Amino acid sequence: MFRKEVLNFKIYETMKGDHRIWLDKNESPFDLPPELKDKMFHELKTIEFNRYPDISALPFREKLAEHLGLDVSNIVVGNGSDQLIDCILDLFVGDQVVIHTPTFGMYTFYAKKKGLELVDIPLDEGYDLPCLDSYGDHVKVIFICSPNTPTGNMIGRDSIVDVLEKGHPVVLDEAYIDYARESNMGLVEEYDNLIILRTFSKAYGLAAMRIGYAVARPSVIQQLSKIVSPFIINKISMKMAEMMLAQDELIRERVTFVKNQRDKLISEFSAYAYPSDTNFVMLDLDAYDYLLERGIVVRRLEGRLKGKIRVTVGTESENREVTAALKDYLDTKGC
Ligand SMILES: *Cc1c(COP(=O)(O)O)cnc(C)c1O
């Protein structure tokens, strides 16, 4: 009775438990400032809870478009950008979903759920895109994550353009773009086979509210909009995201703080750290268990990255603790 894809599926789990310091999910270390929470709770009173939200989140998309300097016809919003990954896999013809590992796990999750064929073309030694003459004739969509997780680096713009030139649909996931040097959003004007994914879950600190969006040419958005569930974004999430869009300065300050802390972490462990354009650092230190015993949760990496960890930049005191613990780890290892 159950599809084999479902029977074979492994539940996606993250670490749970009573630990002190959580640096495993690349969340923002900052909750909303109390004044903003107060304002939010006040705004909540104006919501008509018995009425559905706008069917396509139009007023919210208008504000987002203005913020990004785009038109509403360039944007579709989803309940987290994860939900848009799911929808995009229903958008195009073709059987093969191309991923470049090591990368974000959700591309695999949604492709497997639909029983689609996954084609992994691993990133090269520098974690950049490999150079290919052709991706073949059966490609549905190619996922590129830049800056990439869990490695932290940007993918070269030239290699992204090379892939776009092949003409297949390309999803460029820019979840970490606020921490990076430059975005590739400008490429949307040139390429109608490009969809860029963004989220409010990282730099905007709204992981709890589940809001993401896709940016593409109107001809693409028009089709994608048809298959995103109606009424997908709830009124509370939209209010919160609108409020954060008006907090440019706060976001900028926080992003600057995180970038400085990240660079400090990288320089403290320069022999083990990889370059990062994100709010996390990949370290060539097999210190997962050591940190966990000290109440610090990071991400343990696997496969090709076995023996490495990914550490999210936290608050100043959290970063101080993880730095001290990692130094102790190196001391005990006699490094
Ligand atoms: C965190 C993250 C997302 C965000 O997902 P949401 O569903 O919007 O919370 C998307 N892509 C990558 C690569 C991420 O790390």
Side-chain angles (χ1 to χ4, degrees), residues 5 8-15 24-26 81-82 84-86 88-89 92 94-136 138-164 166 168-177 180 184 194-197 199 202 272-286 288 298-312:
E5 287 83 1
N8 294 335
F9 223 71
K10 258 180 55 196
I11 290 180
Y12 185 85
E13 281 185 300
T14 57
M15 185 71 180
D24 65 328
K25 290 190 209 67
N26 299 343
S81 51
D82 278 14
L84 294 169
I85 296 170
D86 196 22
I88 288 166
L89 291 174
F92 299 108
D95 319 307
Q96 297 178 334
V97 177
V98 178
I99 56 167
H100 301 281
T101 61
T103 194
F104 189 48
M106 286 298 128
Y107 315 138
T108 301
F109 178 98
Y110 289 108
K112 278 195 175 163
K113 183 184 85 161
K114 290 178 201 287
L116 295 167
E117 184 188 346
L118 265 170
V119 177
D120 180 14
I121 302 171
L123 295 173
D124 64 21
E125 321 78 75
Y127 304 119
D128 206 332
L129 284 177
C131 202
L132 285 193
D133 290 335
S134 160
Y135 279 86
H138 303 283
V139 173
K140 180 190 278 292
V141 61
I142 300 169
F143 283 97
I144 300 174
C145 188
S146 180
N148 188 44
T149 181
T151 55
N153 60 296
M154 298 276 299
I155 303 295
R157 189 185 175 87
D158 292 347
S159 28
I160 294 171
V161 168
D162 278 349
V163 177
L164 284 167
K166 304 230 164 33
H168 304 292
V170 173
V171 172
L172 180 61
D173 190 338
E174 291 199 336
Y176 297 101
I177 203 64
N184 284 300
L194 173 62
I195 300 178
I196 292 196
L197 289 182
T199 179
K202 306 286 157 66
Y272 310 95
Y274 289 81
S276 172
D277 265 280
T278 64
N279 64 336
F280 59 85
V281 180
M282 180 164 78
L283 293 166
D284 198 0
L285 291 170
D286 200 357
Y288 179 84
V298 300
R299 186 63 66 94
R300 190 210 308 260
L301 302 180
E302 280 153 17
R304 191 177 152 191
L305 302 177
K306 196 169 165 54
K308 298 179 174 48
I309 53 172
R310 189 192 70 186
V311 181
T312 307

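Everything numeric in this text was worked out from a predicted model, so none of it was measured. These values consider heavy atoms only, across backbone and side chains, with no hydrogens, waters or symmetry-generated copies.
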* Can L129 and L123 be said to form a side chain to side chain contact (heavy atoms under 4.5 Å, CB included), step by step? -> CA-CA 5 Å; L129 284 177; L123 295 173; 4.0 Å; yes
Residue pair [X] / [Y], side-chain heavy-atom distance below 4.5 Å:
X	Y	result
I121	V98	yes
F109	K10	no
V281	Y274	no
I309	L301	no
L118	T108	yes
I160	N184	yes

Show the nearest heavy-atom pair for residues [X] and [Y], with the distance to one decimal.
X	Y	answer
K113	E5	O-CB, 3.9 Å
R304	P122	NH1-CB, 3.8 Å
P150	F280	O-CE1, 3.4 Å
H168	G136	CE1-O, 3.3 Å
T278	G152	CG2-O, 3.6 Å

* Asked: Any sub-3.5 Å donor-acceptor pair from N279's side-chain atoms to N26's backbone N or O?
  ->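 Looks like yes, one N/O pair under 3.5 Å.
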* **side-chain hydrogen bond (donor to acceptor under 3.5 Å, both in side chains) contacts touching residues 138-154 (sequence neighbours left out)** =>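 Every pair satisfying side-chain hydrogen bond (donor to acceptor under 3.5 Å, both in side chains) with a residue in residues 138-154: T103-N148, N148-T151, T149-R310, T151-N153.
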* Pairs touching residues 115-130 that satisfy salt bridge (Lys or Arg N to Asp or Glu O under 4.0 Å), sequence neighbours left out -> none
* Within a radius of less than 6.0 Å around NZ of K112, do more than 12 heavy atoms belonging to other residues, nucleotides or ligands occur? -> no
* Should the pair K306-D286 be classified as a salt bridge under the 4.0 Å nitrogen-to-oxygen rule? -> no
Measure the [atom1]-[atom2] distance between [X] and [Y] for me, rounded to the nearest 0.5 Å.
X	Y	atom1	atom2	answer
L164	L172	CG	CG	8.0 Å
Y288	R300	OH	CZ	5.5 Å
L285	Y272	CG	OH	6.5 Å
S159	L132	OG	CG	11.0 Å
T199	E174	OG1	CD	12.5 Å
S81	D86	OG	CG	12.0 Å

* Whether F143 and Y107 hold their rings parallel, tilted or perpendicular, with breakpoints at 30° and 60° ->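 Ring orientation of F143 relative to Y107: parallel.
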* To do: Kindly determine whether Y176 and S276 satisfy side chain to side chain contact (heavy atoms under 4.5 Å, CB included), including the steps that lead there.
  => CA-CA 10 Å; Y176 297 101; S276 172; over 6 Å; no
* Using the side chain to side chain contact (heavy atoms under 4.5 Å, CB included) rule, take V141 and L89 through it: C-alpha gap first, then chi angles, then the decisive distance, then the call. => CA-CA 7 Å; V141 61; L89 291 174; 3.7 Å; yes
* For D24, what residues pass the salt bridge (charged side-chain N to carboxylate O under 4.0 Å, His left out) criterion, not counting sequence neighbours? ->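 Result, salt bridge (charged side-chain N to carboxylate O under 4.0 Å, His left out) vs D24: none returned.
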* To do: Take M106 and Y12, measure what side chain to side chain contact (heavy atoms under 4.5 Å, CB included) needs, and give me the verdict at the end.
  => CA-CA 9 Å; M106 286 298 128; Y12 185 85; 3.3 Å; yes
